[in-house]
**Q** 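Structure below; questions to follow.
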Amino acid sequence: MSEHTVKSYDDELSHLSGMIARMGGMAEAQLGSALQSLARRDDDLAHKVIDSDARIDELDHEVDSFAVRLLALRQPMAGDLRHIVAALNISGEIERIGDYAANVAKRVLVLNQLPPTSRAAGVIRLGELVQALLKDILDAYVDRDLDKAIGVWGRDEDVDSRYNAVFRDLLAQMTGDPGTITASTHLLFIAKNMERIGDHATNIAETLHFQILGTQPKGERPKGISPGAQE
Amino acid sequence: MNQYIPKGTAKVSARGLDVFYGDKQALHHIDLDIAAGEVTALIGPSGCGKSTFLRCINRMNDLVEGARVSGTLTLDGNDIHDRRLDVVQLRARVGMVFQKPNPFPKSIYENVAYGPRIHGLARDRAELDEIVMNSLEKAGLLAEVESRLSESGTSLSGGQQQRLCIARAIAVNPEVILMDEPCSALDPIATAKVEELIDELRDNYTIVIVTHSMQQAARVSQRTAFFHLGKLIEVGGTEEIFTNPCEPLTQGYITGRFG
């Protein structure tokens, strides 16, 4: 799309995208550090993740007020309108992702008080899958890459089935050895957080699809059966 | 091009409409249906042909020297450019409101009574009074001018003058009302009143409005047609046009990207 007659409008729109990209980068780093703190049983890193969450929240507010200002001053239409509405939406999704990463770090602090468990490895693998999803959707946002966004949208199913496997594994562990219930419950919540981050990445994919084409992706959103529903 | 099925039947229908001013072609082969009971907004940059199209509908272009029209333009299926058609009658059926309020230098009452009188719509003074009051009421102006009907129309504020012009257009019972940037000389409050009025009028009249305000087109119309360099680029539901237009040119124009 060519430039606006009013050049400062272009600058404002790219500033908005820039803020989203920066937020996304921070959420990615937070998720990476949270998983690393889990793998290494690293209290310091976990504390750092918890403390850094406020910065993402701050950026989320900045995006909100900047977007509202753009809506009021520019009265955007069509693609510009979708760009701004999408930014509002996506910043909210990223803020939630940041919250989940911080929650993982809090649980790592508790887990580190308990004996190490081999079950953490499965949760970390799930986390890595989600990390890849998040990275791809943020790349898709920066590059306005529709195919990549649709790819992420379709891959949420993998996250759900991996989560279900982790869920069953942890349940078996708890039934077999009640002494591990505390640790396994925290791991279960961490796994659930990962699954939720996957959902948020999918939401971002849907929003990006709307931003680029003005429509939602076609067809049913791929959805695994939630393990809670099976029990 | 957008697929758009109008709710009602086409009131005004253009097929292959070309308009020339001397050697210059102002409109190129326009195919456009204007549905009854709807507000259709015509948008586009200056010189795109939207006002020319509007002025064809009541043959205002006849007044322009060297203006030529080919193709067909129909009102209820009858050719507007038919030689046998009485232009005065046509203009009674297709009223017009202009960019600048242009009340006659006469009383408020006479401004509205003038049309019905020359068209013989009232048998006596009582009937004429009724038409005048009704028209002022429909134009949302009656309460403001009831006590001063004998004062000059030009003594009203700009917004009131514009609503007086709308009352004047309504008084002869038109079927179609054409509006050529009716709010461009009005302040935001007067604009809001006219927009509110347009919304109320659309149940009984087919309204076509030319506007340079995207927001106004988005607010008042159900259908929007975008013109560029004398061509109809895109027509569709107003919501689609302003949130997700099909044509890059439309997108460029409404987002302020060319000029």
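Nothing here was measured: the structure is a model prediction, and the numbers come from that model. In what follows, chains are A, B, ... by sequence order, proteins preceding strands, each numbered from 1.
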**Q** How about NZ on Lys148(A), more than 12 heavy atoms from neighbouring residues, nucleotides or ligands closer than 6.0 Å, or not?
**A**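 Yes, enclosed.
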
**Q** For the CD1 atom on Ile189(B), are there more than 12 heavy atoms of other groups (residues, nucleotides or ligands in this structure) within a distance under 6.0 Å?
**A**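 Result for CD1/Ile189(B): open.
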
**Q** When rounded to the nearest 0.5 angstrom, what distance separates CE in Met214(B) from CD in Gln75(A)?
**A**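 The CD atom of Gln75(A) is 11.0 Å from CE of Met214(B), to the nearest 0.5 Å.
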
**Q** Do Thr255(B) and His4(A) touch side chain to side chain, with heavy atoms closer than 4.5 Å?
**A**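 Yes, at least one pair of side-chain atoms sits under 4.5 Å.
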
**Q** Is the number of heavy atoms from other residues, nucleotides or ligands within 6.0 Å of CZ (Phe189(A)) greater than 12?
**A**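 At most 12 heavy atoms, drawn from other residues, nucleotides or ligands, come within 6.0 Å of this atom.
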
**Q** Under 4.5 Å, heavy atom to heavy atom: which of residues 207-217 of chain A reach chain B? Give them by number, or say none.
**A**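 Heavy-atom contacts from residues 207-217 of chain A to chain B are Leu213(A), Gly214(A), Thr215(A).
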
**Q** Looking only at heavy atoms, what is the nearest atom pair of Asp80(A) and Gln251(B), with distance?
**A**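 The answer is N-NE2, 4.3 Å.
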
**Q** Over all heavy atoms of both residues, which pair between Thr243(B) and Arg82(A) is shortest? Give the atoms and the distance, please.
**A**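 Smallest interatomic distance, heavy atoms only, reads O-NH1, 2.5 Å.
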
**Q** Decide yes or no for Met77(A) and Ile241(B): does some side-chain heavy atom of the first lie under 4.5 Å from some side-chain heavy atom of the second?
**A**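 With C-beta onward as the side chain, the pair stays apart.
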
**Q** Mark yes when over 12 heavy atoms from residues, nucleotides or ligands other than Glu239(B) sit less than 6.0 Å from its CD; otherwise mark no.
**A**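 No - once you tally the heavy atoms of other residues, nucleotides and ligands closer than 6.0 Å, there are 12 at most.
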
